[in-house]
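Some notes on the structure that comes next.
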Amino acid sequence: MLKLDKRSIKWYKICNNAFQMTNFSSEPQENKQFKKEEFKKASFSGCSFTGCVFVNCHFLECNFSNASFHECVFKNCNLNLVRLDGCRLHDVVFEESKIVGAEFYKTHRTFFSVCFKKCLLMACNFSELKMKRTSFQGCKLRECFFNGTHLVEANFGQTDLEGTIFHHCDLSKADFREAKNFSINPQSNLLKKAHFSAAEALSLLSFYDIIIE
């Protein structure tokens, strides 16, 4: 019988787990909790999750194409370079998670509804999405892109928007109170009845050729 030393057994387990995670089960997952799972480059394509909670999970370069997440929560998760083509996100909450390079505009538009709480979002694209009342409360949005996005009554309260671009967006009644580092051109975005803190609101005037003394 072939005997393996401890090092060989360790590598066998790692390789075996990596093989098992190549494709997630296609059976519908309901009301399940996943903790500290490593889903590196795993495929969730076509999978369905309802009422599931993901805690401290890593989804590096995972494929969520045509997957469905309904009333799910991602807490303290790492979602870097996740593929979202045709993915259904309905009543999904991302909390204290890191999301990098997510092309949300490629998700399925029907019933698209998400919420972000104290998340770090970097280089994410939300173009042309309908995101009425979407909350980004307390998040850091770094170099994200909103083009033609419907953000009526969206909540950007206490949000850091460094490098984030808003272009041809409807920001009517959106809440930017205590937000910082935002650059929003009033001439290319609709800001009717949007809320701003007095100090930060002065940044809106930077797009006009005026001198404030």
Side-chain angles (χ1 to χ4, degrees), residues 23-34 39 41-55 57 59-75 77-137 139 141 144-156 159 161 164-175 189-190 192 194:
N23 293 287
F24 199 86
S25 172
S26 59
E27 296 182 1
Q29 308 291 316
E30 296 184 2
N31 303 315
K32 292 186 178 180
Q33 187 171 92
F34 302 87
F39 295 111
K41 295 185 178 181
S43 176
F44 296 81
S45 182
C47 296
S48 175
F49 299 85
T50 301
C52 293
V53 179
F54 301 88
V55 182
C57 293
F59 297 91
L60 178 62
E61 296 182 36
C62 286
N63 182 9
F64 283 5
S65 298
N66 301 311
S68 176
F69 296 88
H70 177 64
E71 295 183 351
C72 292
V73 176
F74 292 85
K75 185 176 176 62
C77 290
N78 192 328
L79 298 100
N80 287 4
L81 304 177
V82 173
R83 185 175 176 181
L84 295 172
D85 304 55
C87 180
R88 292 176 181 265
L89 297 173
H90 183 214
D91 290 342
V92 175
V93 176
F94 298 93
E95 184 174 352
E96 298 180 346
S97 293
K98 181 180 179 181
I99 307 172
V100 178
E103 297 178 321
F104 284 97
Y105 73 96
K106 292 184 177 181
T107 59
H108 199 289
R109 303 295 175 88
T110 305
F111 305 119
F112 176 81
S113 56
V114 293
C115 174
F116 302 93
K117 299 178 181 179
K118 298 181 179 179
C119 290
L120 171 61
L121 295 95
M122 300 177 63
C124 294
N125 193 328
F126 297 91
S127 294
E128 305 295 336
L129 289 172
K130 294 186 182 298
M131 303 183 70
K132 185 175 182 179
R133 298 193 182 97
T134 298
S135 178
F136 294 89
Q137 179 79 29
C139 292
L141 275 67
C144 292
F145 191 54
F146 296 87
N147 179 41
T149 312
H150 185 79
L151 289 160
V152 174
E153 297 182 47
N155 183 3
F156 290 95
T159 299
L161 294 159
T164 291
I165 295 174
F166 294 92
H167 185 65
H168 291 165
C169 294
D170 189 346
L171 293 161
S172 301
K173 299 182 181 180
D175 189 349
N189 294 282
L190 186 58
K192 186 177 181 180

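Nothing fancy with the numbering, it's 1 onward along the sequence. All values reported here derive from a predicted model rather than from experimental measurement.
- When all heavy atoms are compared, the tightest approach of N80 to K98 is OD1-O, 4.0 Å.
- Interatomic distance, CZ of F136 versus CG of L151, reported as 6.5 Å (0.5 Å rounding).
- Atoms CZ and CD, on R83 and E61 in that order, are 12.0 Å from each other to the nearest 0.5 Å.
- The line from OG of S48 to CD of E30 is 7.0 Å long, rounded to the nearest 0.5 Å.
- No side-chain heavy atom of F126 sits under 4.5 Å from any side-chain heavy atom of T134.
- The aromatic ring centroids of F69 and F44 lie 6.0 Å or more from each other.
- Across all their heavy atoms, G101 and C124 have their closest contact at N-SG, 4.1 Å.
- Two residues are said to be in side-chain contact when any heavy atoms from C-beta on lie closer than 4.5 Å; Q33 and V53 meet this criterion.
- Remark: side-chain polar atoms of Q29 are paired, donor with acceptor, to backbone N or O of E27 under 3.5 angstrom.
- Under the 4.5 Å side-chain criterion, counting only non-hydrogen atoms from C-beta, P28 is not in contact with T50.
- Contact detail for F49 and C72: the closest heavy-atom pair is O-SG, 3.5 Å.
- Distance check: N63 CG to C87 SG gives 9.5 Å after rounding to the nearest 0.5 Å.
- Under the 30°/60° scheme for interplanar angles, the aromatic rings of F111 and H90 are found to be tilted.
- Using a 4.5 Å heavy-atom threshold, the side chains of H150 and K132 count as touching.
- Just one residue in the list N155, V114, D175 forms a side-chain contact (heavy atoms from CB on, under 4.5 Å) with S135, and that residue is N155.
- Put simply, the side chain of F112 reaches to within 4.5 Å of the side chain of M131, judged on heavy atoms.
- Checked against the 6.0 Å centroid threshold, F156 and F166 count as a close aromatic pair.
- In this structure the side chain of F64 reaches within 4.5 angstrom of the side chain of L79, judged on heavy atoms.
- Under 3.5 Å, the side chains of D91 and S113 contain a donor-acceptor pair of N or O atoms.
- When side chains are defined from C-beta on, L129 counts as touching R109, because their heavy atoms get closer than 4.5 Å.
- For the side-chain contact (heavy atoms from CB on, under 4.5 Å) test with F116, the passing option among L141, V93, V92, I99 is I99; the others fail.
- Nearest heavy atom pair, residue C57 against residue F34, reads SG-O, 3.4 Å.
- The minimum heavy-atom distance linking L84 with A102 is given by the pair CD1-CB, 4.0 Å.
- The aromatic rings of F94 and F74 sit parallel to each other, their planes meeting at less than 30°, with 60° as the upper class boundary.
- Atom NE2 of H108 and atom CG of D85 lie 12.5 Å apart (nearest 0.5 Å).
- A side-chain donor-acceptor contact under 3.5 Å links N189 to the backbone of H168.
- Every residue two or more places apart in sequence or in another chain was checked for a salt bridge (Lys or Arg N to Asp or Glu O under 4.0 Å) with D170, and none qualifies.
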Could you go through the side-chain contact (heavy atoms from CB on, under 4.5 Å) check for N147 and E128 one step at a time? CA-CA 6 Å; N147 179 41; E128 305 295 336; 4.1 Å; yes
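- Between the T107 side chain and the Y105 main chain, no donor and acceptor come within less than 3.5 Å of each other.
- The salt bridge (Lys or Arg N to Asp or Glu O under 4.0 Å) search around E96 returns K75, not counting sequence neighbours.
- Among all heavy-atom pairs drawn from C52 and N31, the shortest one is SG-N, 3.9 Å.
- Once rounded to the nearest 0.5 Å, the distance linking SG of C62 with NZ of K41 reads 10.5 Å.
- With sequence neighbours excluded, the residues that form a salt bridge (Lys or Arg N to Asp or Glu O under 4.0 Å) with R133 are E153.
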